[in-house]
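Following: one structure in C-alpha cells, then a few remarks.
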There are 2 protein chains.
Amino acid sequence: MTQFALDPYNRNCPTRRLLDRIGDRWTVLIVGALGDGPRRFGEISRRVDGVSQKMLTQTLRGLERDGLVRRTVYAEMPPRVEYALTPVGETLQEPLRALEDWAREHMGGVQDARESYDVLAGSAA
Amino acid sequence: MTQFALDPYNRNCPTRRLLDRIGDRWTVLIVGALGDGPRRFGEISRRVDGVSQKMLTQTLRGLERDGLVRRTVYAEMPPRVEYALTPVGETLQEPLRALEDWAREHMGGVQDARESYDVLAGSAA
DNA sequence: CCGTATCCTGCCCGATACTG
DNA sequence: CAGTATCGGGCAGGATACGG
C-alpha cells in the first residue's frame with residue numbers, strides 16, 4: 001500500500017529531498033558514468049571532470065545508502081574498489097539521461113535567449 | 001550544425017551549467033507548477049510550498065532569461081503578473097516530470113535501503 | 001590506490017524592510 | 001500584489017594532509 005500523498009510540492013514530503021538528491025549536479029553525472037558497467041573510483045574521478053575526491057566519495061556513499069549503487073572491495077594489492085548501479089539504480093538512468101539530452105539539445109537556443117535578454121536589460125541601464 | 005562536443009562531463013562545457021539549472025530543486029517544482037497553464041506569482045508561491053519570495057523571483061528570472069518562461073505584466077490595479085512556459089519550456093516538462101515520477105515511485109524502496117544501511121553502519125560503531 | 005578527517009571559504013538562501 | 005535591496009547564518013564543497 002502506497003502513501004496517500006507523496007507530493008514533492010509539500011515542504012516536508014520525503015520525495016522533496018529525494019528529488020534534491022537525484023537532481024544534484026554530481027549525482028546526474030556519476031550515475032551516468034556508471035551507465036556502461038562497473039567502474040573503479042579513479043575511473044569515475046577522471047570521467048567526471050572537476051569533481052573533488054570529497055564530493056565523489058560523499059555522493060557515492062549517498063547513492064550506496066539509497067540502494068542505487070553497490071560498492072565492492074577486492075582484497076588485492078594495491079586495493080581495488082568497484083562501483084556499479086543496482087537494478088534500482090539502473091531505473092534512474094533513463095530519466096537522468098533524458099535530462100542530459102535535453103541540455104545538449106537546447107543549449108544553443110538557451111544561449112541565444114540569454115543574449116537577447118541581456119541586451120535588453122543592458123539597454124535599460 | 002551542432003557543436004562537436006557538448007559534453008557535461010567536461011568541466012567547462014556550458015551544458016554542465018545548464019544541467020545544474022534545470023536539475024535545481026526550485027526549477028523542477030516551478031516548471032511543474034506552470035504545467036497546467038499560466039500562473040500568477042502568488043499562485044506559484046502557494047503551490048511550491050516553502051519557497052521564499054527571493055528564490056521564487058530569482059528562479060523565475062533565470063528561467064525567463066533562458067527563454068523557458070514568459071512573463072506578462074497587466075497594467076491593472078492592483079498589478080497582475082503572469083508566468084507561462086514558452087514552447088521550449090514545455091519541452092522541459094517531460095524530463096522533469098519523469099524525475100518527479102521516479103522519486104514518487106521509488107521513495108519506499110530508498111527508505112528501506114537507508115534503514116538497512118544505517119543499521120549496518122551503526123553496528124560497526 | 002582508496003578513503004577519511006580537518007580546516008576554511010564562498011555563496012546559497014531565508015528573513016526583513018521598503019517601493020510602485 | 002509583485003518586486004528589489006540588504007544583511008547574516010549555515011552549509012556545501014574545495015584544498016590539504018594523513019591512514020590502510
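A, B, ... follow the sequence lines: proteins, then strands. Residue 1 opens every chain.
- Cation-pi contact between B/R39 and B/Y83: absent, since separation from the ring centre below 6.0 Å together with deviation from the ring axis within 45° is not met.
- Using a distance-only test at 3.5 Å, with no hydrogens or angles considered, a donor-acceptor pair links the side chain of A/T57 to the main chain of A/Q53.
- A salt bridge links A/R104 with A/D101: the distance from a Lys NZ or Arg NE/NH1/NH2 to an Asp or Glu carboxylate oxygen falls below 4.0 Å.
- For the pair A/R71 and C/dC2, the criterion of a side-chain N or O lying under 4.0 Å from OP1 or OP2 is not met.
- At a threshold of 4.0 Å, the pair B/D7-B/R16 does not count as salt-bridged, since none of the basic side-chain nitrogens sits closer than that to a carboxylate oxygen.
- Nearest-nucleotide positions on DNA chain D place B/R80 closer to the 5' end than the other of B/R80 and A/S52.
- Shown are A/V28, A/L56, A/T59, A/L29; of these, the side chain to side chain contact (heavy atoms under 4.5 Å, CB included) with A/V48 is made only by A/L29.
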Please write out each protein N/O paired with an N/O of nucleotides 4-9 of chain D under 3.5 Å, distance rounded to 0.1 Å.
residue	atom	partner	partner atom	Å
D/dT4	O4	B/Q53	OE1	3.3

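- Put simply, CG on A/D20 is 15 Å from P on C/dC12, counting in whole angstrom units.
- Between B/Y83 and D/dC1 there is no side-chain N or O to OP1 or OP2 distance below 4.0 Å.
- Note: CD (B/E76) to P (D/dC1) measures 14 Å, nearest angstrom.
- A/L63 and A/V73 fall within a single hydrophobic cluster, where Ile, Leu, Val, Met, Phe, Trp and Tyr are joined by side-chain heavy atoms under 4.5 Å apart, directly or via other members.
- For the pair B/E43 and A/V51, nearest-nucleotide mapping onto DNA chain D gives the more 5' position to B/E43.
- Note: CG (B/L56) to P (C/dA15) measures 14 Å, nearest angstrom.
- The residues B/R47 and B/E43 are annotated as not salt-bridged, no charged nitrogen and carboxylate oxygen being separated by less than 4.0 angstrom.
- Put simply, the side chain of B/D66 never gets that close to the backbone of A/V110: no donor and acceptor are under 3.5 Å apart.
- Listed by residue number, the members of residues 25-42 of chain B with any heavy atom below 4.0 angstrom from DNA chain D are B/R40, B/F41, B/G42.
- No continuous path of ILVMFWY side-chain contacts below 4.5 Å connects A/V81 to A/M77, so the two sit in separate hydrophobic clusters.
- Here the C1' atom of nucleotide C/dC12 and the CZ atom of B/R21 are 13 Å apart, to the nearest Å.
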